[in-house]
Amino acid sequence: MAATLSNNRLTSADLLKFKRYLVENVSRMLEGESLQLGDRAAIIEQRLGEAYAQTRVNLPEDMRKHLFNEIVDEFTGYGPIQPLLEDPEISEVMVNGPKKVFVEKNGRLVKSGVTFDDDDHVMRIIDRIILPLGRRVDADSPTVDARLPDGSRVNAVIRPVAIDGPCITIRKFKKDKLSIEDLIKFGSLTRNMAEFLRACVHAHLNIVVSGGTGSGKTTLLNVLSGFIPESDRIVTIEDAAELQLQQEHVLRLETKVANVDGKGAVTIRDLVRNALRMRPDRIVVGECRGGETLDMLQAMNTGHDGSLTTLHANSPRDALSRMETMVMMAGMDLPLKVVRQQISSAIDLIIQQSRLKDGSRKVTAITEVAGMEGETVVLTDIFKFEQTGVGEDGRILGELKATGIRPIFSPRLEAAGFKLGGDIFMPPGGIGRGR
């Protein structure tokens, strides 16, 4: 090894071989050692220095440091993508096979200079993520959802489904939990909208957060759940636990995939049913995407007011259609009118969260479910975002404003102690319409 690398004219193939050689040596040195979490990195770096000294190779200092950092990340973190996960400006990391790694930075997708050695290298990182959670991924079950210890959401897909090699998608969770004040500062909503939503959560209204992929639904759900009083008993139900509730009385439930024999799976629907036996004051479902929607609606209609959930949809009206479809997925042969009656009596408010073309995320509509007229569910916008144009820098221009309509459930807000002034519902320069 020393003879091969002593001239310092290294090709990428030479450096890769040298890196693998050091990793193998450090792995052997660490066999049988019980490493504490706090001193793990220091011991690995020490063993790495010993292994490097034995090779009698003299790399340039900057190259040596870079190589050492990569190897330490292999043992203590998530390999090549560890620096990306530590970068606060990066919100998402996408591994499209070993040689293509993209990131979302400031709302824009860009290709990073990071690469993996090969498919096996990516697989090792996937295993490192999912094994501590008791999850598995193989040719028979080639997709998996998981989470990092900090709450970041992970999805992995491997061959034969992923044709170009194993793929990892990591949606990072901010270490500093966003507050309602942060969302106001970012322009995601106005202070009047924030006060209105605070009152709705306190008054035990059933709320659905609707939006597309990456629009910020879970972030908004986190913020809304922060309005729940400390005295309430909260049960959260998720595929991979992401919600970061600060209240003391919180029970967190997470789904379980089937074992190798195809048995032992615990679904969102199973957990929603079980949650009803746990004496919850609030049920918070991370996302409804199937038959559990019927159980959620039943819970909302049988005394579990104040429940919160999210779903994928592009508008409040689309959210209703999605709920109808998902109720049908429960296998119950219910007439469409009955399904719509269940939805209209259970859901009080739909909040539409959108990711605009410039990468910004906004609450584009706060819509009341106002009941039924014939066989149609009536929706009424209380607040709405109106786009006025596009700036020279590509930024979307527009205004978040009230429509001038007071919600029908206003008496429930007042009964909860929130007497919202008429100016909250007043459109700019207009006259509001009471109901």
Side-chain angles (χ1 to χ4, degrees), residues 192-193 196-197 199-201 203-212 217 224 285 288-330 332-354 363-386 400-416 418 420 422 424-427 430-435:
N192 282 349
M193 293 164 71
F196 175 69
L197 293 178
C200 290
V201 173
H204 282 254
L205 268 61
N206 294 319
I207 300 174
V208 171
V209 179
S210 163
K217 298 185 300 297
L224 293 177
V285 179
C288 281
R289 58 166 67 94
E292 67 274 3
T293 305
L294 176 60
D295 299 289
M296 188 75 184
L297 294 174
Q298 296 279 27
M300 292 174 173
N301 278 322
T302 53
H304 295 89
D305 294 333
S307 297
L308 305 170
T309 189
T310 74
L311 56 83
H312 278 78
N314 294 323
S315 70
R317 180 62 64 183
D318 284 348
L320 290 182
S321 298
R322 279 271 294 151
M323 280 189 272
E324 292 171 9
T325 303
M326 290 188 293
V327 168
M328 300 298 184
M329 292 167 66
M332 305 290 288
D333 190 17
L334 298 173
L336 188 57
K337 184 176 181 180
V338 172
V339 174
R340 289 176 176 171
Q341 286 173 338
Q342 286 279 320
I343 292 172
S344 66
S345 60
I347 306 298
D348 297 302
L349 202 66
I350 299 174
I351 306 171
Q352 184 65 36
Q353 179 81 17
S354 300
V363 174
T364 51
I366 297 179
T367 303
E368 178 187 20
V369 181
M372 295 274 292
E373 280 188 7
E375 295 192 2
T376 304
V377 180
V378 179
L379 297 180
T380 306
D381 290 331
I382 308 300
F383 296 91
K384 200 170 178 79
F385 174 74
E386 289 189 5
L400 290 162
K401 57 186 179 182
T403 61
I405 300 176
R406 279 180 174 270
I408 292 174
F409 53 71
S410 289
R412 290 177 61 183
L413 303 184
E414 293 182 8
F418 290 86
L420 303 178
I424 283 185
F425 305 106
M426 192 75 68
I431 299 176
R433 302 192 301 275
R435 293 194 306 186

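Heavy-atom basis, side chains included; hydrogens, waters and symmetry copies ignored.
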Asker: Please enumerate all residues that pass side-chain hydrogen bond (donor to acceptor under 3.5 Å, both in side chains) together with Ser354, with sequence neighbours excluded.
Answerer: Thr364

Asker: Ile350 and Pro316: which non-hydrogen atoms are nearest, and at how many Å?
Answerer: CD1-O, 3.8 Å

Asker: Please output the side-chain donor-acceptor pairs of residues 332-342 that fall under 3.5 Å, not counting sequence neighbours, one pair per line with the distance.
Answerer:
unit_1, atom_1, unit_2, atom_2, d
Arg340, NE, Glu324, OE2, 2.8
Arg340, NH1, Glu375, O, 2.9
Gln342, OE1, Asn301, ND2, 3.2

Asker: Grab the two heavy atoms, one from Cys200 and one from Leu349, that are nearest each other, plus how far apart they are.
Answerer: SG-CD2, 3.9 Å

Asker: Check whether any side-chain heavy atom of Met326 lies under 4.5 Å from a side-chain heavy atom of Leu311, and answer yes or no.
Answerer: yes

Asker: For Asp295, give me all partners under side-chain hydrogen bond (donor to acceptor under 3.5 Å, both in side chains), at least two apart in sequence or on another chain.
Answerer: Arg269, Arg273

Asker: State which residues pass salt bridge (Lys or Arg N to Asp or Glu O under 4.0 Å) with Glu386; sequence neighbours excluded, sorted by chain then number.
Answerer: Lys401

Asker: Got a second to check how far Met323's CE is from Asp318's CG, nearest 0.5 Å?
Answerer: 11.0 Å

Asker: Grab the two heavy atoms, one from Lys217 and one from Gln353, that are nearest each other, plus how far apart they are.
Answerer: N-CG, 4.2 Å

Asker: If the condition is salt bridge (Lys or Arg N to Asp or Glu O under 4.0 Å), which residues does Asp381 pass it with, not counting sequence neighbours?
Answerer: Lys384

Asker: Examine distances only and state if a side-chain atom of Asn206 and a backbone atom of Asp348 form a donor-acceptor pair shorter than 3.5 Å.
Answerer: no

Asker: Side-chain contact, heavy-atom cut-off 4.5 Å: Ile351 with Leu224?
Answerer: yes

Asker: Which residue, Thr403, Ile207, Leu197, forms the side-chain contact (heavy atoms from CB on, under 4.5 Å) with Ile366?
Answerer: Leu197

Asker: Quick one, Phe409 and Leu205 - any side-chain contact, counting heavy atoms below 4.5 Å?
Answerer: yes

Asker: Can you tell me how far the CG atom of Leu420 sits from the CG atom of Asn192, to the nearest 0.5 Å?
Answerer: 9.0 Å

Asker: Once rounded to the nearest 0.5 Å, what's the spacing between atom CE of Met372 and atom CD1 of Ile343?
Answerer: 9.0 Å

Asker: Between atom CE of Met300 and atom CG of Leu308, what is the distance when rounded to the nearest 0.5 Å?
Answerer: 7.5 Å

Asker: Thr309 versus Val209: any side-chain heavy-atom pair under 4.5 Å?
Answerer: no

Asker: Between the side chain of Glu368 and the main-chain N/O of Arg406, is any donor-acceptor distance below 3.5 Å?
Answerer: no

Asker: Can you see which heavy atom on Ser210 is nearest to which on Ala319, and at what distance?
Answerer: OG-CB, 3.8 Å

Asker: Output the distance between atom OG (Ser344) and atom CG (Leu320), rounded to the nearest 0.5 Å.
Answerer: 9.0 Å

Asker: Strictly distance-based, threshold 3.5 Å: is any side-chain N or O of Thr367 a donor or acceptor partner for the main-chain N or O of Thr380?
Answerer: no

Asker: Quick one, Phe425 with Ile382, criterion side chain to side chain contact (heavy atoms under 4.5 Å, CB included). Give me CA distance, side-chain angles, the key distance, then yes/no.
Answerer: CA-CA 7 Å; Phe425 305 106; Ile382 308 300; 3.8 Å; yes

Asker: Give me the atom names and distance for the closest heavy-atom approach of Leu413 to Phe196.
Answerer: CD1-CE1, 4.0 Å

Asker: If you look at every heavy atom in Val377 and Arg317, which pair is closest and at what distance?
Answerer: O-NH1, 2.9 Å

Asker: The criterion is side-chain hydrogen bond (donor to acceptor under 3.5 Å, both in side chains); which residues satisfy it with Glu292, sequence neighbours excluded?
Answerer: none

